[in-house]
Colleague: 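Sharing a structure below in structure tokens format, with a few things to ask.
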Amino acid sequence: MTIKAFGANSAEQPLASMNITRRTPGAHDVQIDIAFCGICHSDIHQVRSEWAGTLYPCVPGHEIVGRVSAVGEHVADFKKGDLVGIGCIVDSCKHCEECGEGLENYCDNMIGTYNFPTPDAPGHTLGGYSQKIVVHERYVLRIRHAEEQLAAVAPLLCAGITTWSPLRHWQAGPGKKVGIVGIGGLGHMGIKLAHAMGAHVVAFTTSEAKREMAKALGADEVVVSKQPDEMAGHIKSFDLIVNTVAAPHELDAFLTLLKRDGTMTLVGAPASPHPAPEVFNLIFKRRSLAGSMIGGIPETQEMLDFCARHNIVADIEMIRADEINEAYERMLKGDVKYRFVMDTSTL
Ligand code: NAP
Ligand code: ZN
């Protein structure tokens, strides 16, 4: 079927309206009428070819929510009308150790929601800035929030799970001091989730203007990272730091804030490398510098259910499809509180 989407035909061109096709649902497929799609900084990195290997036309979007509009004959768990979400993963090998453990995000053959190979036209996956998507049932998430929260649930599908997964893996919770670096789409979800898990949360921002707002998100303390005296007040004190910053920066300033055996995990994925950290900041105090990529399907469902129980959603600003290029420029200036969400009925 032919549907409307918003995408780009090259790295230099702005996003524009285009027609794309979706496959007819197979026996295990779920077809979703997309209601809203969150705008992730990864969308900008990909569509502008800041990361290597962008395939065009490129239709970004991996924070997808909507209603099931058709299911294949073997689909048992979803039916027409269900509220569902699709995150960053639309397929994987289903047989490897990672898939077996529900960590499809680390499958060597994971297929991302956009820019990954597929037998469907045009030969690579096309994302959620579109009216419909057809996905194997294994990668469809159930949404248990109230329907009126649907738009604000969309960012949980990437920003939520990308911060939830490391917070769980490194056991954020009561008695733990957790830092969240960068208060953007990912960072604001990290603050909300770490707070709900019971950790003592310190938000790090480069923006003085976000100081008070971060407290409203659930941060116990806020540090403006450009102020050396404020940073010094937290030396050797963190169990875990989740760094969401989308640009290269000095990691040492944060590594020195970890206590013995503390970990800083990078989730921000800038297009060019960070300056190499000072080795002595790691070997003294046996600190770890780690990375983490989105999350598996079972833990994404666990996060969505946790958020439904705790009434957690993203703070969003709704845009029309034709406002996407302006939204990207505003994101690059840090001018969004804290996630743009596209109303796909405007496509
Ligand atoms: P975002 O909304 O643009 O937020 C990034 C935040 O980083 C900004 O709000 C800003 O916070 C801070 N920042 C500081 N200096 C910056 C600079 N020079 N340029 C840009 N940001 C700067 O981005 P996002 O959607 O949260 O994504 C953050 C990063 O995570 C991106 O690189 C994205 O590709 C990556 N990502 C990774 C995964 C994964 O699986 N690991 C998943 C999704 C996204 P302050 O104003 O508070 O300083
Ligand atoms: Zn994302």
Colleague: Between Asp239 and Lys259, is there a side-chain N and carboxylate O pair less than 4.0 Å apart?
Modeller: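 Judged by the 4.0 Å cut-off on N to carboxylate O distance, Asp239 and Lys259 do form a salt bridge.
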Colleague: Of the non-hydrogen atoms in Arg211 and Val222, which two are nearest, and what is the gap between them?
Modeller: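 Shortest heavy-atom separation between Arg211 and Val222 comes out as O-CG2, 3.3 Å.
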Colleague: With heavy-atom distances below 4.5 Å as the criterion, would you say the side chains of Val140 and Ile86 are in contact?
Modeller: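 When only atoms from C-beta onward are counted, Ile86 and Val140 do touch, with a gap below 4.5 Å.
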Colleague: What is the minimum heavy-atom distance between Arg48 and Ala11, and which atoms define it?
Modeller: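 Smallest interatomic distance, heavy atoms only, reads O-CB, 3.7 Å.
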Colleague: Do the side chain of Asp305 and the main chain of Glu302 share a donor and acceptor less than 3.5 angstrom apart?
Modeller: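 No; zero donor-acceptor contacts below 3.5 Å.
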Colleague: Can you name the nearest heavy-atom pair linking Ser49 to Thr54, along with the distance?
Modeller: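 What the structure gives for the nearest pair is CA-OG1, 3.4 Å.
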Colleague: One pair to check against side-chain hydrogen bond (donor to acceptor under 3.5 Å, both in side chains): Thr113 and Tyr139. What are the steps and the verdict?
Modeller: CA-CA 10 Å; Thr113 306; Tyr139 309 93; over 6 Å; no
Colleague: Where do Leu258 and Ser288 come nearest, in terms of heavy atoms and distance?
Modeller: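 Distance-wise, the nearest heavy atoms are CD1-O, 4.0 Å.
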Colleague: Under 6.0 Å from the CZ atom of Arg23, do we count more than 12 heavy atoms belonging to anything else shown?
Modeller: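 More than 12 within 6.0 Å, yes.
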Colleague: Please walk me through it: do Thr346 and Asp322 pass side-chain contact (heavy atoms from CB on, under 4.5 Å)?
Modeller: CA-CA 8 Å; Thr346 62; Asp322 63 7; over 6 Å; no
Colleague: Determine yes or no for a side-chain-to-main-chain donor-acceptor pair under 3.5 angstrom, with Glu250 supplying the side chain and Asp252 the backbone.
Modeller: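 No; zero donor-acceptor contacts below 3.5 Å.
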Colleague: Any idea which heavy atoms bring Pro298 and Gly102 closest together, and the distance?
Modeller: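 Closest approach of Pro298 to Gly102, heavy atoms only: CD-O, 3.3 Å.
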Colleague: Take atom CG of Asn19 as the centre, draw a 6.0 Å sphere, and report whether it contains more than 12 heavy atoms from other residues, nucleotides or ligands.
Modeller: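 More than 12 within 6.0 Å, yes.
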Colleague: Backbone N or O of Leu304 within a donor-acceptor pair of the Arg144 side chain at under 3.5 Å?
Modeller: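 A pair under 3.5 Å: no.
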Colleague: Donor-acceptor pairs under 3.5 angstrom involving side-chain atoms of residues 171-194: please list them, not counting sequence neighbours.
Modeller:
residue	atom	partner	partner atom	Å
Lys176	NZ	Gln171	O	2.9
Lys177	NZ	His234	ND1	3.0
Lys177	NZ	Ser237	OG	2.8
His188	ND1	Gly184	O	3.3
His188	ND1	Gly185	O	2.9
His188	NE2	Asp315	N	3.0
Lys192	NZ	Val313	O	2.8
Lys192	NZ	Asp315	OD1	2.6

Colleague: Do His62 and Ser42 have side chains that get closer than 4.5 Å, going by heavy atoms?
Modeller: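 Yes, side chains in contact.
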Colleague: Are side-chain heavy atoms of Leu251 and His249 found at a separation under 4.5 Å?
Modeller: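 Yes - at least one pair of side-chain heavy atoms lies under 4.5 Å apart.
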Colleague: Ignoring hydrogens and angles, tell me if any N or O in the side chain of Ser225 forms a donor-acceptor pair with the backbone of Thr205 under 3.5 Å.
Modeller: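 A pair under 3.5 Å: yes.
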Colleague: Do any N or O atoms from the side chain of Asp91 and from the backbone of Ile111 form a donor-acceptor pair under 3.5 angstrom?
Modeller: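 Answer holds: no.
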Colleague: His124 versus Pro57: any side-chain heavy-atom pair under 4.5 Å?
Modeller: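 When only atoms from C-beta onward are counted, Pro57 and His124 do touch, with a gap below 4.5 Å.
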Colleague: Verify the neighbour count for atom NZ of Lys80: are there more than 12 heavy atoms of other residues, nucleotides or ligands below 6.0 Å?
Modeller: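 Counting other residues, nucleotides and ligands, NZ of Lys80 stays at 12 neighbours or fewer.
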Colleague: So that I can tick it off, tell me whether Arg22 and Asp120 are bridged by a salt bridge, with the cut-off set at under 4.0 angstrom between side-chain N and carboxylate O.
Modeller: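 The answer is no: the pair does not qualify as a salt bridge.
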Colleague: Does some side-chain heavy atom of Met342 sit less than 4.5 Å from a side-chain heavy atom of Glu323?
Modeller: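 No, side chains not in contact.
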Colleague: Can you see which heavy atom on Pro155 is nearest to which on Ala152, and at what distance?
Modeller: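 For Pro155 and Ala152, the tightest heavy-atom pair comes out as CD-O, 3.5 Å.
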Colleague: Show, in sequence, the C-alpha distance, side-chain angles and deciding distance for Asp43 and Tyr114, and conclude whether the side-chain contact (heavy atoms from CB on, under 4.5 Å) test is met.
Modeller: CA-CA 9 Å; Asp43 301 353; Tyr114 54 81; 2.7 Å; yes
Colleague: Any side-chain heavy-atom pair from Leu83 and Arg67 closer than 4.5 angstrom?
Modeller: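 Yes, close enough: below the 4.5 Å cut-off.
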